[in-house]
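The shown structure was predicted, so the numbers you read here are calculated from the model rather than taken from an experiment.
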There are 2 protein chains.
Amino acid sequence: MNIPVELDPSIDDQAARAAWLYYVGGLTQDQIAAEMGVSRQRAQRLVSRAVAAGLIHVRLNHHLASCQELETALRTRFHLVRCRVMPGLGPDRDPVRAIAPAAAAELERVLREPEALVIALGTGRAMRGMVEAVGSIEAPQHCLVSLIGNIAPDGSASYFDVIMRLAEKVHAPHYPMPVPVISDTAEENATFQSLGPIRKVRELARAANVTFVGVGQMSDDAPLLTDGFLKPAELREVQGAGAVGEVAGRIFDAEGRYLDLAINRRLGGMQAPPTRPDRPVIGIAAGPSKIPAIAAALRSGILNGLVTDEATARGVLAL
Amino acid sequence: MNIPVELDPSIDDQAARAAWLYYVGGLTQDQIAAEMGVSRQRAQRLVSRAVAAGLIHVRLNHHLASCQELETALRTRFHLVRCRVMPGLGPDRDPVRAIAPAAAAELERVLREPEALVIALGTGRAMRGMVEAVGSIEAPQHCLVSLIGNIAPDGSASYFDVIMRLAEKVHAPHYPMPVPVISDTAEENATFQSLGPIRKVRELARAANVTFVGVGQMSDDAPLLTDGFLKPAELREVQGAGAVGEVAGRIFDAEGRYLDLAINRRLGGMQAPPTRPDRPVIGIAAGPSKIPAIAAALRSGILNGLVTDEATARGVLAL
DNA sequence: TCGCCTTGTGGGCAAATATTCATTTGGAAC
DNA sequence: GTTCCAAATGAATATTTGCCCACAAGGCGA
């Protein structure tokens, strides 16, 4: 007979319990305070801590008619195998917030497949948001592989760190790409790419059953620029060459054709695998400035799956 | 180019959008009102409607240490194949509210299995709560079968109607048991049971891959009494015979041995199938008065899976 | 030991939210 | 066309929540 008694529950336990009572039980914070024997303020802090720590997940269980129509329109127009359009959150809010839960649901759907799959992942804010929104789920049968180098220009080894965080959550084997996202010289990059272990990772990624990637715009607010992978002069140069977007660091033009650029030879990681109906490559992206990039990637079939928000979906369809 | 425009979104669409903006977007109801062009009160009403209609799902993404310990204790003590213990919501709240989301998650896990399964279901408040909490999920490959007659003493054909509601949600073929829960005479019951279609349903249920049932207590607040299936005198009689609980209407004693009672011959439906490690029979039940019933059912192996709340788990382990 | 800083706590208050109630609106029955 | 009812609305109000601040406890270096 081993009946556990509550001695010193961790702060997260307390927070989770408070949030549970608040959101699921519908108690007021006063009642929670009484129930848990703490002050009301502490109850309030516990609830907000649980929310901040992502212990609580809210999901919409209803397909808005307007979003469904957009999904259908995108699906048929671009021959998508997966498509999710979420309601927007208003013009001046981070659209990642809107699409992260849906992207996470999409990823969870894949993770729940019983047979072993290779899941390739890009990086970026949307990817990170997606992984953060993934719930606790065990998926040790799958294999997670990164498309993109994880060494940032400043030498730090964790550009968003999408693979690691996800692997930690689902306890799956994972293969980060331990090369610079972008090397200083083509030679340095070639050296990295020729290393045996890295070739292995590349082979694995090439055979990915499902791929999740962000989509970067190449306008003046390009993530490649913001994150320091391109210098302003380089950005202007590729803009001149017709660049409108980028997936896994590979830059393409308005028709979604990959461009043959000098910087390509310095790029680590690898291009997203080619799309096939049974090998979806799903873009997770939203925001007005990304519209041309998303449209281009869909047009040429770099992507055959998309999770986005309402406003972006409309924008893409209007192009 | 077919860009949908928002003309007259349904009330549920509006509610879902408002709730989305509120919970996911973190807007205040004032902002939502402005965004959607309605009054603040209306925004408030939309949000609460969405919550009431279950359009929004909140789930806790954290296993409380104390609950995990209880799960482990129950699992080893009673050789359970599935076990979930949720935090309670305080003594004077409906415990169904606490366990329904977890039970629904358990059911969804089964529904997501790709190969076709036979899923047997009991009835009761906990079952209904579970089904209500199930999200939108397609599972047409499975087959839902009821263990219990669906004709109530007053002749109405929907004693909680668990099967129908679930089938409607997941679009699975379903086999209600179109017999009285309890007939007036043994002969009437025998007549019903001998009908061909009903025998088919019984056979199906016997081979169920997974079974979900409620657990009824046989104290003075027995659900069988409350719902009018037993008369007070009958209840006292079976109490005298040692009845402590009931699963799918079949009454058992404190050791979980089914009792041979006169009313058995009038019971429609069928007993829960025997437990096997690969054929879980999962009890969904919580509440102080159910503790002896749950303990008995676990002890004799009527159940080999359980979803309950903290307080009940402690009570069961303390027996 | 003393200050100093970090971290957590409770009180109070303004903002946000829920509820109540009187009123209007839309529609069905007559 | 009228009447009646039920549902929806907006205003008023009560409750709840989020936030700021002042303060206390505890670690840490001087």
**Backbone N/O of A:Leu46 and side chain of A:Gln14: donor-acceptor pair under 3.5 Å** = no
**Asked** In Å and rounded to the nearest 0.5 Å, what is the CG to CG distance from A:Leu27 to A:Leu21?
**Response** 5.0 Å
**Prompt:** Could you give the angle between the helix axes at the two ends of the helix from C:dT1-D:dA30 to C:dC30-D:dG1, with five pairs per end, rounded to 10 degrees?
**Reply:** 20°
**Test side-chain contact (heavy atoms from CB on, under 4.5 Å) applied to B:His171 - qualifying residues, sequence neighbours left out** = B:Glu138
**Request:** Apply side-chain contact (heavy atoms from CB on, under 4.5 Å) to B:Ala286 and list each qualifying residue two or more places apart in sequence or on a separate chain.
**Result:** B:Pro95, B:Ile99, B:Thr308, B:Asp309, B:Thr312
**Message:** In this structure, how many angstroms lie between the C1' atom of C:dT24 and the CD atom of B:Gln41, rounded?
**Reply:** 14 Å
**Request:** With sequence neighbours left out, write down each residue that passes salt bridge (Lys or Arg N to Asp or Glu O under 4.0 Å) with B:Glu71, or none if nothing qualifies.
**Result:** B:Arg75, B:Arg84
**Prompt:** Heavy-atom contacts under 4.0 Å between residues 24-35 of chain B and DNA chain D, which residues?
**Reply:** none
**Prompt:** Hey, is the main chain of A:Thr28 close enough, under 3.5 Å, to the side chain of A:Gln31 for a donor-acceptor pair?
**Reply:** yes
**Item:** Sequence-distant partners of A:Arg165, salt bridge (Lys or Arg N to Asp or Glu O under 4.0 Å), two or more places apart
**Value:** A:Glu132
**Item:** salt bridge (Lys or Arg N to Asp or Glu O under 4.0 Å): pairs with one or both residues in residues 95-104 of chain A, sequence neighbours excluded
**Value:** none
**Asked** Reading DNA chain D 5' to 3', which nucleotide is the first, and which the last, to come under 4.0 Å of any heavy atom in chain B?
**Response** D:dT9 to D:dA11
**Asked** Residues two or more places apart in sequence or in another chain: which of them pass side-chain contact (heavy atoms from CB on, under 4.5 Å) with A:His57?
**Response** B:Arg59, B:Asn61
**Prompt:** Excluding sequence neighbours, so at least two apart, what forms salt bridge (Lys or Arg N to Asp or Glu O under 4.0 Å) with A:Arg45?
**Reply:** none
**Set of residues satisfying side-chain contact (heavy atoms from CB on, under 4.5 Å) with respect to B:Asp220, sequence neighbours excluded** = B:Gln239
**Asked** From A:Asp94 CG over to A:Arg125 CZ, what is the distance, rounded to the nearest 0.5 angstrom?
**Response** 9.0 Å
**Request:** Name every residue in residues 42-50 of chain B that has at least one heavy atom under 4.0 Å from any atom of DNA chain D, in order of residue number, or write none if there are no such residues.
**Result:** B:Arg42, B:Arg45
